[in-house]
There are 2 protein chains.
Amino acid sequence: MAERTQYEELVRQFSAFGAVKRELGRNLPPDCLGGSVAVLTLIGRQSNIRMRRLAELLAVDMSVTSRHVTHAVDRGWIERSPDPADKRSRILRLTPEGQERLEEIAERTTQLLSHRLSDWSDDEVGQLILLMARLRASFDDHGPVPVQPARSAPSTRTPLIIT
Amino acid sequence: MAERTQYEELVRQFSAFGAVKRELGRNLPPDCLGGSVAVLTLIGRQSNIRMRRLAELLAVDMSVTSRHVTHAVDRGWIERSPDPADKRSRILRLTPEGQERLEEIAERTTQLLSHRLSDWSDDEVGQLILLMARLRASFDDHGPVPVQPARSAPSTRTPLIIT
DNA sequence: TATTGTTATACTCTATAACTATA
DNA sequence: TATAGTTATAGAGTATAACAATA
């Protein structure tokens, strides 16, 4: 159990982390939004996925997922076909163009990070990955915090799932 | 130096980290936006700060900083007085109300994190703080990354090392 | 001319609510 | 009734550019 000043410092790091994410965003190919990148990445890992499951993995509302997917479908990166087993659902998979785009994104990302983290060891990168994955798990595992509820409105937001 | 798959996994964790930040945001007092929290926190640490320096610490554009500060000034949490040494500048410091608000935020944050991270050791929290601080430093230190080659062939080659 | 700071505008991401279609 | 998905709307964060005032 950590102490209060440590928690405050952790939150400060969370806040400042936005600058890192924004630089990664600026590194993306033109016409390729961050939302599309997240969607392409997850579908690249788990093909033939449905919207509901994708929203769970993204840990955002399905309405948000729908918009990101539509953006990628409009550009020919994702194929959104009906699910024969459940006519409400739609099956998502990458098109060849989507795979190319995903490859380009991965290439750019690797290039940027290999510059920025050139003095990081393999083990240090691995530690950061593990700690951030565990952080996410810690926020997912627990329910609402007792004293400060104030947020129990009905929501279509899905629980956080670790991938 | 890490490998490509590790970088991709790191970026995946960055993406999913948004869910953690959103929950922290939902934990804030009403009428208290995330931008104000960041501003209050930094002014609480370094009083009598100027806009320019604050924007640097926040790692956002000064126009963004100006809006966040205005939000807090409007609510009486920050005092924005002219700098006698340079009439272009303005000096920022917390009001007593701002200190109270900052205290309340810290209290809520500690409460949330002590629940969520109840099974984290002091050392583990410290490791995450250090790694995230170093991550930020790694992105700060370097200038813009050299121009990306238009299209690199898919490859598992060793990433380019910059000295 | 350069710097400090503000404001206007536009873009991205997100959640909520209302809706359709199907189970 | 409940669930899968879409769309409309609003709120928050950010960057760029134009601007004013001062150095």
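Chain letters run A, B, ... following the sequence lines, proteins first, then strands; residues in each count from 1. Because only heavy atoms are used, hydrogens play no part in the values below, and waters and symmetry mates are left out as well, while side chains stay in.
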Measure the CG-CG distance between A:Leu135 and B:Leu113 for me, rounded to the nearest 0.5 Å. 8.5 Å
Residues B:Glu104, B:Arg101: salt bridge by 4.0 Å N-O rule: yes
Can you tell me how far P of C:dT4 sits from CG of B:Leu92, to the nearest Å? 14 Å
Roughly how many Å is it from CZ in B:Arg22 to P in D:dG13, rounded to a whole number? 14 Å
Drop me the distance from A:Ser138's OG to B:Arg116's CZ, to the nearest 0.5 angstrom. 9.5 Å
Atom CZ of B:Arg26 and atom C1' of C:dC13 are separated, to the nearest Å, by 14 Å
Could you tell me the separation between the CG atom of A:Asp83 and the C1' atom of C:dA21, rounded to a whole number of Å? 14 Å
Do any side-chain nitrogens or oxygens of B:His71 fall under 4.0 Å of OP1 or OP2 in D:dG13? no
Within the 4.0 Å heavy-atom criterion, would you say B:Gly34 contacts the bases, only the backbone, or no part of the nucleic acid? sugar-phosphate
dist A:Ser81:OG -> A:Arg90:CZ (nearest 0.5 Å) comes out at 8.5 Å
Whole Å only: how far is the CG atom of A:Leu54 from the C1' atom of D:dA4? 13 Å
What does nucleotides 5-10 of chain C look like as a protein-contact string, B for base, S for sugar-phosphate only, - for none, at under 4.0 angstrom between heavy atoms? BSB---
How close do A:Gly44 and A:Leu94 get, counting heavy atoms only, and between which atoms? CA-CD1, 3.7 Å
Any sub-3.5 Å donor-acceptor pair from A:Gln6's side-chain atoms to B:Asp122's backbone N or O? yes
Closest nucleotide of DNA chain C for A:Lys87 versus for A:Leu33: which of these residues is on the 5' side? A:Leu33
Nearest whole angstrom, please: distance from the P of C:dT14 to the CD of B:Glu23. 16 Å
B:His68 side chain near D:dA12 phosphate (N/O to OP1/OP2, under 4.0 Å): no
A:Asp86 vs A:Gly35, nearer the 5' end of DNA chain C by closest nucleotide: A:Gly35
Please evaluate residues B:Thr65 and B:His68 with respect to the criterion side-chain contact (heavy atoms from CB on, under 4.5 Å), reporting the C-alpha separation (whole Å), side-chain torsions for both, the decisive distance (0.1 Å), and the verdict. CA-CA 5 Å; B:Thr65 306; B:His68 292 331; 5.8 Å; no
Over how many whole Å does the gap from A:Leu58 atom CG to C:dC13 atom P extend? 12 Å
